[in-house]
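Only a predicted model underlies this, so the values are computations on that prediction, with no experimental measurement involved. Heads up: numbering here begins at 1 and tracks the sequence.
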Amino acid sequence: MGDKKRIEVGDTVSRISYRSDILFRVEKLLRIDNRDYALLRGLDVRLMADAPIEDLRFVSEEECRKKKERVLAQAREYLRRSPIRMRSRIFTISDTYKNNSFEYQSLPGRVLHLDGDQDYFKKCMDRYRELNIEVEGAHVPEEEQPQVIERLLARVKPDLLVATGHDGVFKEKKNSLNLDDYYNSRYYMETVRKARVYEWNRDSLIIFAGACQSLYEELIKTGANFASSPDRVMIHAFDPLLVAKAIAFTSISEVIDPGRVIASTISGVKGIGGIETWGRFRLALPPIS
């Protein structure tokens, strides 16, 4: 465990038994059956897990920095290339306007983004703004999201709702359909349920819900358009944003194939699933701002 003598809340660690494949932040220290455990939140994936203290190793600031740079570079590439963003169009009306050209204004769908992780929330807000997507959001712990969703929907009136954060399924219960075997799936489900009371139409309010290993089937049945995680795998921190981007830049005159949305994500079909959904992109003429 290096020079440090004990694991503390806030430390960056990895799991020895998993070959240190994922970096985590220690969220809480637990004592279970006379054994010390740590509750963990992924730094690059939206995974919540627990592990015995003796299975953890400290991660240096330099190692953490390098890993974050690699992950951010990968995410930026996905944001840049897929799907292709819709841009303004130029058109000419010859008889009425004497061959003057006019430019349409691009109006992507408006997003409300709720995130249980403060660091991910800030990064996602930055990426939305880089993409010129109108967004409002809040860092809201997963268990509190059902309590605030109706008030936020009424105020923001978004086209798309993203409800995400962290989640996980207990190791021995990977294929379980029991909500009790998941850390936070019940909160995402309740958030979706309340959002559908506010707006029942899946094309008027498009919802992404879930995080790593979330109970995908029940989230879709409850009313989400897209959700994680069909194969109970980990999803990338930016996958919910990538889903929102794909829909926000698809025309309202087009039904977007779920395969096209899923192809734009980092995790792919094992991590993200969904249903056919109308896009939320509009053109304005003349520009309104």
Side-chain angles (χ1 to χ4, degrees), residues 12-15 17-28 37-51 55-56 59 64 67-68 70-72 74-75 78 113-121 123-124 127 139-143 145 162-192 207-220 222 224 226-244 261-262 264-274:
T12 300
V13 299
S14 62
R15 296 175 296 183
S17 61
Y18 285 80
R19 299 182 180 180
S20 297
D21 58 340
I22 300 171
L23 302 186
F24 293 92
R25 180 178 63 248
V26 177
E27 185 81 2
K28 187 184 295 184
Y37 285 80
L39 185 63
L40 309 170
R41 282 181 178 260
L43 292 182
D44 306 314
V45 293
R46 292 183 174 276
L47 178 66
M48 180 168 281
D50 57 63
D55 189 36
L56 301 178
V59 176
C64 185
K67 177 70 179 296
K68 285 184 176 180
R70 290 195 300 270
V71 171
L72 185 58
Q74 178 193 35
Y78 272 85
H113 183 110
L114 301 187
D115 208 312
D117 186 284
Q118 188 167 23
D119 186 44
Y120 290 174
F121 170 68
K123 290 177 180 177
C124 285
R127 302 293 87 75
H139 164 230
V140 183
E142 293 84 354
E143 66 273 17
Q145 291 181 14
V162 173
T164 188
H166 286 79
D167 204 354
V169 59
F170 300 126
K171 185 176 180 180
E172 68 278 8
K173 302 292 184 69
K174 184 176 180 181
N175 297 315
S176 174
L177 296 178
N178 186 345
L179 274 175
D180 293 334
D181 295 328
Y182 295 79
Y183 286 98
N184 289 321
S185 288
R186 66 171 64 254
Y187 304 122
Y188 298 129
M189 284 180 61
E190 183 64 10
T191 299
V192 172
I207 300 176
F208 172 89
C212 285
Q213 300 182 334
S214 291
L215 187 48
Y216 162 76
E217 295 88 344
E218 295 304 316
L219 288 170
I220 296 293
T222 303
F226 289 86
S228 57
S229 165
D231 278 20
R232 308 299 188 265
V233 300
M234 294 172 288
I235 69 169
H236 190 276
F238 285 155
D239 274 334
L241 180 151
L242 288 165
V243 170
V261 175
I262 294 163
S264 75
T265 67
I266 298 171
S267 303
V269 72
K270 290 186 176 182
I272 305 293

- prompt: Tyr216 versus Arg232: any side-chain heavy-atom pair under 4.5 Å?
  reply: yes
message: Please check this pair: side chain of Thr164 against backbone of Gly210, looking for a donor-acceptor N/O pair closer than 3.5 Å.
response: yes
message: I need the single residue from Ile22, Leu23, Leu56, Asp50 that forms a side chain to side chain contact (heavy atoms under 4.5 Å, CB included) with Leu40. Which is it?
response: Leu56
statement: dist Ile272:CD1 -> Asp239:CG (nearest 0.5 Å) comes out at 4.5 Å
query: Are Arg46 and Asp115 ion-paired here, with the side-chain N under 4.0 Å from a carboxylate O?
result: yes
message: Applying side-chain contact (heavy atoms from CB on, under 4.5 Å) to Tyr188 and Thr222, what does each step give before you reach the verdict?
response: CA-CA 10 Å; Tyr188 298 129; Thr222 303; over 6 Å; no
- prompt: Pick one: which of Asp167, Val169, Leu39 meets side chain to side chain contact (heavy atoms under 4.5 Å, CB included) with Met48?
  reply: Leu39
Of Ser185, Pro240, Ser214, Cys212, the residue whose pairing with Ser228 passes side chain to side chain contact (heavy atoms under 4.5 Å, CB included): Ser214
query: Do the charged groups of Asp119 and Arg41 touch, with an N to O distance under 4.0 Å?
result: no
message: Tell me which one of Arg25, Lys123, His139 satisfies side-chain hydrogen bond (donor to acceptor under 3.5 Å, both in side chains) with Asp117.
response: Arg25
- prompt: Got a second to check how far Leu177's CG is from Tyr182's OH, nearest 0.5 Å?
  reply: 6.5 Å
- prompt: Closest approach of Phe24 and Arg15, non-hydrogen atoms and distance?
  reply: CE1-NE, 3.5 Å
message: Distance check, rounded to the nearest 0.5 Å: Asp55 atom CG versus Ser17 atom OG?
response: 3.5 Å
- prompt: Do side-chain atoms of His113 reach the backbone of Phe121 as a donor and acceptor pair under 3.5 angstrom?
  reply: no
task: Indicate yes or no: at least one non-hydrogen side-chain atom of Leu241 is less than 4.5 angstrom from one of Val162.
output: no
query: Going through the distances and angles, do Asp180 and Arg186 end up as a side-chain contact (heavy atoms from CB on, under 4.5 Å)?
result: CA-CA 8 Å; Asp180 293 334; Arg186 66 171 64 254; 2.5 Å; yes
message: Looking at every non-hydrogen atom in both residues, tell me the closest pair between Ile220 and Gly274 and how far apart they are.
response: CD1-CA, 4.3 Å
message: If you compare all heavy atoms of Ser176 against all heavy atoms of Asp181, which two are closest, and at what distance to 0.1 Å?
response: OG-OD2, 2.6 Å
task: For the residue pair Tyr183 and Phe170, establish whether any side-chain heavy-atom pair is separated by less than 4.5 Å.
output: yes
query: Which pair of non-hydrogen atoms, one from Ala224 and one from Ala227, has the smallest distance, and what is that distance?
result: CB-CB, 4.4 Å
